[in-house]
Amino acid sequence: MTNLKSNFLKSVTERGYMHQCTGLEDLDKKATEGIVTAYIGFDCTAPSLHVGSLLPIMMLRTLQKTGHKPIVLMGGGTTLVGDPSGKDESRKLLTEDVIQSNMDSIQKVFAKFLKFGDGPTDAVMVNNADWLKTLNYLEFLRDFGPHFTINRMMGFDSVKLRLDREQPLTFLEFNYMILQAYDFLALNRSYGCTLQMGGSDQWGNIVSGVDLTRRVDGKEAYGLTTPLLTTSSGAKMGKTAAGAVWLNAEQLSPYDYWQYWRNTEDADVGKFLRLFTELPLAEIERLESFEGQEINEAKKVLANEVTKMLHGEDAAKTAQETAEKTFEQGQLGQDLPTVDVERAKLDDGIAAFSAFMLAGLAGSGGDAKRLIKGGGARINDKAVSDINHTVSAADLNDDGVIKMSAGKKRHVLLRAI
RNA sequence: GGGGGGAUGCCCGAGUGGCUAAAGGGGGCGGGCUGUAAACCCGCUGGCUUACGCCUACGUUGGUUCAAAUCCAACUCCCCCCA
């Protein structure tokens with residue numbers, strides 16, 4: 001590799017954010033000479049981003065910390081169209097109301113990672129609906145249509161994947177990349193934005209924007225992508241017992257978030273420390289050199305650092321204490337998910353299988369019974385083998401809760417009210 | 001516009017009249033091993049029921065039949081080829 005000079009690109013490569021980059025040397029020079037303004041676009045398809053977006057967010061954070069200006073682009077307009085990249089079938093179209101409410105809910109997360117404001121390197125948040133919704137179709141076609149050839153577009157992975165799988169790709173989706181390319185041009189014009197970053201699945205879209213900006217305005221523009229993150233055993237990142245790993249606390253509690261990172265595979269600890277924490281590289285090397293059981297200490301550091309950044313120091317500490325009590329000392333952790341139950345119901349007694357449903361540890365009666373039959377159900381750490389075992393007020397401990405466990409990792413506290 | 005093919009459980013995919021809540025795989029869940037890891041091994045995997053059983057399910061709607069995911073008709077959506 002070339003010797004990079006700019007702090008930004010040095011960090012990006014050292015930490016493992018770099019997958020592909022256009023015009024690396026030029027970009028490096030630019031980043032050494034002055035402030036680079038860069039953007040990443042985020043979909044508004046769900047009310048919260050999930051860990052998959054954490055990598056791009058960390059890139060923006062790195063960008064800002066190394067003296068440059070990040071733009072967070074909310075895809076209020078492009079989400080109306082739907083990005084076909086990496087999807088083997090089209091998604092249901094979302095209504096504007098849903099997109100708007102998703103966007104409102106997503107925005108909060110960014111303030112935790114970036115400093116927003118009016119200063120030269122302060123972050124800015126924009127919504128592409130602001131310029132996409134007012135586009136005039138004929139004008140747009142005349143101005144930009146000539147710069148895209150179907151021949152080329154057919155070659156992009158997002159398009160090829162669909163065609164190869166004989167899945168329909170609608171004209172609507174086909175236009176997504178053109179709109180995203182136009183975003184880049186628009187941001188270049190209004191903010192002097194010269195760099196678009198994103199996940200590796202965005203490469204085609206990003207390159208299109210780079211080309212468009214060069215062709216139409218003759219301006220230099222660059223693209224940089226992050227690697228697609230999978231765990232060492234090949235699974236996609238972002239799943240836990242509780243479902244997707246959301247960044248919003250309403251969707252996933254800080255405790256579950258902490259647990260997600262604590263359960264990182266051994267082989268990924270170093271990689272994740274580099275990508276998702278800001279610990280010095282030397283410290284990371286020390287942590288990842290731990291072997292056997294020791295590496296669990298490194299995983300705790302990882303979980304603490306990552307949780308701290310998103311949910312704050314206190315939340316991280318509480319999560320760690322709860323986890324240690326629960327898993328290392330076999331006690332109750334106060335931060336375990338809690339479900340309220342009416343006192344009167346408890347006094348009457350609740351059949352074990354329905355108690356597990358109440359606690360949210362089983363999705364149906366059959367599910368609960370399977371759990372009990374399979375030997376994975378425990379109440380106050382005692383195995384339950386009888387479906388009709390009764391849970392009652394007598395099971396409440398001194399703190400007024402009953403600990404329900406499904407398997408080794410899923411624990412819920414039933415609290416009498 | 002013409003011709004051909006297809007739609008099955010969370011996903012992929014077998015099944016072409018009863019033995020089918022539906023093979024197999026993936027995923028998920030539980031157990032074992034261990035370190036709250038990976039890999040590996042075992043079990044479970046529609047709902048309601050202690051259970052006998054009942055209900056819902058093979059694109060939609062109707063029909064044939066004692067009996068349909070399987071046969072027929074219409075409809076919807078999709079794919080491919082020709083124009």
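The chains referred to below are lettered A, B, ... by the order of the sequence lines, with proteins before strands, and numbering in each begins at 1. Hydrogens, waters and symmetry mates play no part in the numbers below; they use all other heavy atoms, side chains included. In this text the structure is predicted, and so the values were computed from the model without any measurement.
- Rounded to an integer number of Å, the gap from CD1 of A/I372 to P of B/U50 is 12 Å.
- With contacts defined as side-chain heavy-atom distances shorter than 4.5 Å, the pair A/V51/A/Y257 qualifies.
- Of the listed residues (A/N205, A/N128, A/N175), just one forms a side-chain hydrogen bond (donor to acceptor under 3.5 Å, both in side chains) with A/T78, and that residue is A/N128.
- Pairs of residues two or more places apart, or lying in two chains, that qualify as ring pair (Phe, Tyr, Trp, His ring centres under 6.0 Å) and include a residue from residues 392-414 of chain A are A/F327-A/H411.
- Look at the P atom in both B/G31 and B/U36: the space between them is 13 Å, to the nearest Å.
- Remark: B/A68 base-pairs with no nucleotide in the shown strands. Criterion, Watson-Crick or G-U wobble with two distances under 3.5 Å.
- Residue pairs satisfying the ring pair (Phe, Tyr, Trp, His ring centres under 6.0 Å) criterion with at least one member in residues 55-82 of chain A, sequence neighbours excluded, are listed as follows: A/F8-A/H68.
- Across all strands shown, the partner of B/U60 is B/A74, judged by Watson-Crick or G-U wobble contacts whose two distances both fall under 3.5 Å.
- For B/C58 and B/C52, the C1' atoms lie 28 Å apart once the distance is rounded to whole Å.
- For the P atoms, the distance from B/G30 to B/A37 is 12 Å, rounded to whole Å.
- Inter-residue side-chain proximity for A/K65 and A/R61 is flagged as met; some heavy-atom pair is nearer than 4.5 Å.
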Footprint string (nucleotides 30-39 of chain B, 5' to 3'): B base within contact, S backbone only, - free, heavy atoms under 4.0 Å: SS-BBBBBSS

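- B/A67 and B/G18: their P atoms are spaced 14 Å apart (whole Å).
- For the P atoms, the distance linking B/A83 with B/U16 amounts to 36 Å, nearest Å.
- Here B/A37 sits opposite no nucleotide as a Watson-Crick or G-U wobble pair (both hydrogen-bonding atom distances under 3.5 Å).
- In this structure B/U50 sits in no base pair that meets the Watson-Crick or G-U test at under 3.5 Å.
- No hydrogens or angles considered: nothing links the side chains of A/Q293 and A/N296 as a donor-acceptor pair under 3.5 Å.
- Spacing of P atoms, B/U65 relative to B/G1, comes out at 37 Å, to the nearest Å.
- Under 3.5 Å, the side chains of A/N304 and A/W261 contain no donor-acceptor pair of N or O atoms.
- Residue A/S364 places at least one side-chain N or O closer than 4.0 Å to OP1 or OP2 of B/C48.
- For B/G27, the paired base is B/U45 (Watson-Crick or G-U wobble, both distances below 3.5 Å).
- Using N1 to N3 plus N6-O4 or O6-N4 for Watson-Crick, or N1-O2 and O6-N3 for G-U wobble, each under 3.5 Å, B/U16 pairs with nothing.
- Nucleotides B/C72 and B/C10 are separated by 27 Å at their P atoms, to the nearest Å.
- When the C1' atom is used for both B/G43 and B/C33, the distance is 16 Å, rounded to whole Å.
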